[in-house]
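Shown next, in structure tokens, is the structure this report addresses.
In each ligand, atom 1 is the first atom listed, and ligand 1 is the first ligand listed.
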Amino acid sequence: GARGERRRFDGEGRTADGRRVELLANVANGEDARAAAEAGAEGVGLFRTEVCFLGRTVEPTIDEQVAAYREVLAAFPGRKVVVRTLDAGADKPLPFVTPEAEPNPALGVRGLRTARRHPEVLDRQLTAIARAAAAESADVWVMAPMIATPDEAESFVALCAEHGLGTAGVMIEVPAAALGARWVLAKASFASIGTNDLTQYTMAADREVSDLARLSTAWQPTVLALVGATGSGAALNGRPLGVCGEAAADPVLAPVLVGLGVTSLSMTPRALADVAAVLAATTSEQCEELAFLALQQPTPDAARAAVRSRLPILADLG
Ligand code: PEP
Ligand code: MG
């Protein structure tokens, strides 16, 4: 494609030697989902359902939720759609589930942790997801945010099974879950790494504070090491592993993530074409070499520069 031109990604993500890497989209509503399908996304790797709830003082009814979820599922008939349960708290407070004044909301009752105090909210959400899934043909996967332990994964998966939702997984965005991935993934059907929060918690750097942007990058070799630990834990259990944080949209980082054991990437649709192009030009073996190389570097800049210099395809991208 010509420089700077917006190319549509068409088809399936693969490395140069044919290893499948699903290229999916992050969406928040039906409009996003339709745009993602239009851009050629293979499915949805992260449906942020809390966005349907934001700005509301009371919980949406089950019927309202079913309608909102169906709109997203309808954009991807027969395709995979990963629906994340309510990720309320910290940067996304919701008056009906999150505590009012927490001393440290990012470390507080957020994500799946809100379900202990408000189990009925998660129960109604899973009811709505199951109803939406039954009414549409999309292949619905469900995942919970902010999992830290294998016990949390186990109870979430059991609850999903009670709702007839058989493919239940977890987000890996807490360092403890990354380090314990072999045990967490033994309890879950799949995982998706949220590099935004994983970076925040690894670097102890609030993702909302722009002064800390220097620290807040998934190119931190220590963050990549946690991605690698998660990749090993997923492989040990034979589980699919996605990345759905902003890092998945970085075409330079994509082969590194694949080399660390990631099997799908979910991103803003406009990044799909460049990520697909870099993967198509890189073999799985090269991905593993790039991952090894990145992990050897002391700083994010050094890691990025080292990988960049070995990806001549980047010169062809707009
Ligand atoms: C993440 O933490 O990387 C993620 C994908 O979730 P969110 O950005 O919605 O917290
Ligand atoms: Mg997150």
Side-chain angles (χ1 to χ4, degrees), residues 22-29 32-33 36 41 43-55 72 81-94 97-98 104-115 125 141-148 152-153 156 169-178 181 184 188 190-210 212-213 215-220 222-224 226-227 230-231 240-250 253-254 256-257 260 262 264-269 271 275:
E22 283 178 299
L23 298 180
L24 309 165
N26 293 351
V27 307
N29 52 43
D32 283 2
V44 170
L46 171 61
F47 172 15
R48 288 183 164 103
T49 60
E50 65 278 358
V51 178
C52 306
F53 292 70
L54 288 180
V72 170
V81 176
V82 182
V83 182
R84 178 173 73 184
T85 57
L86 198 54
D87 186 22
D91 50 313
K92 308 158 204 148
L94 277 185
V97 280
T98 44
N104 205 335
L107 303 181
V109 181
R110 61 164 296 200
L112 186 70
R113 298 168 177 187
T114 61
Q125 182 172 34
W141 295 24
V142 189
M143 73 178 175
M146 283 298 288
I147 290 279
E152 290 169 349
F156 177 73
V170 296
M171 289 200 68
I172 302 287
E173 45 189 355
V174 175
V184 172
F190 69 96
S192 186
I193 303 176
T195 46
N196 307 332
D197 278 310
L198 185 61
T199 303
Q200 158 168 272
Y201 295 125
T202 303
M203 304 310 295
D206 189 328
R207 61 192 265 186
E208 306 274 277
V209 175
S210 57
L212 303 178
L215 292 170
S216 302
T217 163
W219 277 102
Q220 290 284 357
T222 48
V223 174
L224 295 177
L226 289 174
V227 173
T230 310
L241 175 65
V243 169
C244 63
E246 305 310 320
D250 178 350
L253 191 52
V256 172
L257 297 174
L260 293 171
V262 168
S264 69
L265 295 167
S266 188
M267 66 200 79
T268 172
V275 169

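Sorted by chain and number, the heavy-atom contacts of ligand 1 below 4.0 Å come from L46, R48, R84, D87, K92, M171, E173, G194, T195, N196, D197, R207, C244, G245.
Not a single donor-acceptor pair under 3.5 Å links the side chain of E50 to the backbone N or O of A88. Checking side-chain atoms of Y201 against main-chain N and O of A106 turns up a donor-acceptor pair under 3.5 Å. Remark: the backbone N or O of M171 is not paired with any side-chain donor or acceptor of S192 at under 3.5 angstrom. Judged by distance alone, with hydrogens and angles left aside, the side-chain atoms of Q200 form a donor-acceptor pair with the main-chain N or O of R207 at under 3.5 Å.
Shown are R110, Q125, K92; of these, the side-chain contact (heavy atoms from CB on, under 4.5 Å) with L86 is made only by Q125. Exactly one residue among I193, V256, I172, L241 makes a side-chain contact (heavy atoms from CB on, under 4.5 Å) with V227. That residue is I193.
Remark: E246 pairs with no residue by the salt bridge (charged side-chain N to carboxylate O under 4.0 Å, His left out) rule, at least two apart or across chains. Under the salt bridge (charged side-chain N to carboxylate O under 4.0 Å, His left out) criterion, D250 pairs with R304, sequence neighbours left out.
Each protein N/O/S atom under 2.8 Å from the Mg ion (ligand 2) was counted, for a total of 2.
Electrostatic pairing of R48 and D32 does not count as a salt bridge here, judged by no charged N lying under 4.0 Å from a carboxylate O.
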